[in-house]
Protein chains: 2
Amino acid sequence: MSGFGETIRNRREELQKQNPQFSLRAVAGRVPLEPSYLSRIERGLEAPPSEQTIRRLAEILEFDSDALLALAGKVSADLADIIRKRPVLFGQLIRELKHLPDQAVLRLVREIRDGNW
Amino acid sequence: MSGFGETIRNRREELQKQNPQFSLRAVAGRVPLEPSYLSRIERGLEAPPSEQTIRRLAEILEFDSDALLALAGKVSADLADIIRKRPVLFGQLIRELKHLPDQAVLRLVREIRDGNW
DNA sequence: TGGAGTGTGCAGTATACACTACACACATGA
DNA sequence: TCATGTGTGTAGTGTATACTGCACACTCCA
């Protein structure tokens, strides 16, 4: 599994091919961040930045923010909030779902969305 | 909703009634922690301690650790790990479950446990 | 050939986190 | 009365987090 830095560097360079507004400096400027800091992050010399900064990067690089946060070893604060409101219940559920295949979880999501619960 | 400090103080004092081994000093000694630190935490003068320390307190005070962590504004690291392995999938699911009543979530837990998925 | 743009190296900083250490005041019982 | 146990107040500490700031080397092209 590739790391956080590697992922955003690859994604940025991919976008940069089509559009010069995706140079390291340009992206850093939009976040905003110091270019040298972003550089160190992309090369994995520095730990991933804060959740807010990761969200901003995900926005700019058009990347799923939950996925990017996960690569940074974090869980989105809004999800954590949902769990914290019913910790025992959600604790049970999530531990139960741990070994359930993607397909089954996805089916669950759809059934809940369709109001079958 | 009562805070973290208040909760552990109440719980500790309740146990202390039956057993002198639940004085602030004795509990602090078992964790182990400096008594003054635990005192400040119980009175809400200090932020809740680390996840490890909260788990230890939950163990000593026979309190659900997920619930205690939630009062401290935290989500158990093992749950976070599960989510981080499939961030998009679990993100969808949890946001979908946000407004589902306890009863429905509980039924879900049981159905999954019974292998109906 | 020099000005603009590329990424990088190195140093420094403010704030929060998670505590320890120790002195103090009060109560109780022997 | 004094040793023991109760909780508390104040100060200090080491480490991590999340960055900034600026100088530097390289490339490109006008």
Side-chain angles (χ1 to χ4, degrees), chain A residues 3-61 65 68-69 71-77 80, chain B residues 3-61 65 68-69 71-77 80:
Chain A
F4 177 83
E6 197 184 342
T7 301
I8 61 171
R9 168 146 294 189
N10 289 343
R11 178 64 182 146
R12 186 181 60 75
E13 287 179 342
E14 194 182 324
L15 291 165
Q16 194 177 15
K17 280 181 202 160
Q18 314 296 325
N19 187 336
Q21 291 317 298
F22 287 93
S23 76
L24 187 147
R25 269 168 197 274
V27 170
R30 290 183 60 194
V31 172
L33 281 182
E34 278 295 311
S36 64
Y37 181 44
L38 181 56
S39 169
R40 291 194 308 278
I41 290 169
E42 284 192 350
R43 285 172 296 145
L45 301 180
E46 184 108 19
S50 69
E51 170 160 352
Q52 273 316 302
T53 297
I54 292 171
R55 288 190 178 288
R56 192 77 188 97
L57 281 168
E59 204 178 313
I60 293 167
L61 302 176
S65 63
L68 202 53
L69 283 165
L71 287 171
K74 298 176 197 285
V75 167
S76 181
Chain B
F4 176 85
E6 197 185 343
T7 300
I8 61 170
R9 167 146 293 189
N10 289 343
R11 178 64 182 145
R12 185 181 61 74
E13 287 179 342
E14 195 182 321
L15 292 165
Q16 194 179 15
K17 280 180 202 163
Q18 314 296 325
N19 187 338
Q21 292 316 298
F22 287 94
S23 76
L24 186 147
R25 270 167 197 274
V27 169
R30 291 183 60 195
V31 172
L33 279 182
E34 278 295 311
S36 63
Y37 181 43
L38 181 55
S39 169
R40 292 194 307 277
I41 289 169
E42 285 192 351
R43 285 171 296 144
L45 301 179
E46 184 109 19
S50 69
E51 170 160 352
Q52 273 316 301
T53 298
I54 293 170
R55 288 189 178 289
R56 191 78 189 96
L57 281 168
E59 204 179 313
I60 293 166
L61 301 177
S65 63
L68 202 52
L69 283 165
L71 287 171
K74 298 176 197 286
V75 167
S76 182

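All heavy atoms count here, side chains included; hydrogens, waters and symmetry mates do not. Every chain is numbered from 1, with letters handed out A, B, ... down the list of sequences.
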*Could you state the atom-to-atom distance from CZ of A:Arg9 to C1' of C:dT6 in whole Å?*
11 Å
*Starting at the 5' end of nucleotides 21-30 of chain D, put B wherever the base has a protein heavy atom under 4.0 Å, S where only the sugar-phosphate does, and a dash everywhere else.*
BB--------
*Using a heavy-atom distance cut-off of less than 4.0 Å, which residues of residues 41-54 of chain A contact DNA chain D?*
A:Glu46, A:Pro49, A:Ser50, A:Thr53
_Atom of B:Pro49, atom of B:Leu57 and distance for their closest heavy-atom approach_ = CG-CD1, 4.4 Å
*Distance from B:Arg56 atom CZ to B:Thr53 atom OG1, nearest 0.5 Å?*
10.0 Å
*Please test A:Ile60 against A:Leu15 for side-chain contact (heavy atoms from CB on, under 4.5 Å), starting from the C-alpha separation and ending with a verdict.*
CA-CA 10 Å; A:Ile60 293 167; A:Leu15 291 165; over 6 Å; no
*Keeping to residues at least two apart or across chains, list the salt bridge (charged side-chain N to carboxylate O under 4.0 Å, His left out) pairs with something in residues 36-45 of chain A.*
A:Arg9-A:Glu42, A:Arg12-A:Glu42, A:Arg40-A:Glu46
*asked:* Is it the case that the side chain of B:Arg30 and the backbone of B:Phe22 share a donor-acceptor pair, with hydrogens and angles ignored and the cut-off at 3.5 Å?
replied: no
*Let me know, please, whether A:Pro32 or B:Gln16 comes out on the 5' side of the other along DNA chain D by nearest nucleotide.*
B:Gln16
_Gap between atoms CG and C1', on A:Leu38 and C:dG7 respectively (whole Å)_ = 10 Å
*Under 4.0 Å between a side-chain N or O of A:Ser23 and OP1 or OP2 of C:dT6?*
yes
*Nearest 0.5 Å please: distance from the CD atom of A:Glu14 over to the CG atom of A:Leu61.*
10.0 Å
*Sequence neighbours left out, what passes side chain to side chain contact (heavy atoms under 4.5 Å, CB included) with A:Ala58? Give chain and number order.*
A:Ser65, A:Leu68
*asked:* Test of understanding: with side-chain hydrogen bond (donor to acceptor under 3.5 Å, both in side chains), list the residues that count as partners of A:Glu51, not counting sequence neighbours.
replied: A:Arg55
*Does D:dT6 have OP1 or OP2 sitting under 4.0 Å from an N or O in the side chain of B:Gln21?*
no
_Side-chain N or O of B:Arg12 closer than 4.0 Å to phosphate OP1/OP2 of D:dT6_ = no
*Is any side-chain N or O of A:Arg56 closer than 4.0 Å to OP1 or OP2 of D:dA18?*
no
*Roughly how many Å is it from CZ in A:Phe4 to C1' in D:dT17, rounded to a whole number?*
15 Å
*Within the structure shown, what part of the strands sits under 4.0 Å from B:Glu13 by heavy-atom distance: base, sugar-phosphate, or nothing?*
nothing
_Pairing residues for B:Arg25 by the side-chain hydrogen bond (donor to acceptor under 3.5 Å, both in side chains) criterion, not counting sequence neighbours_ = none
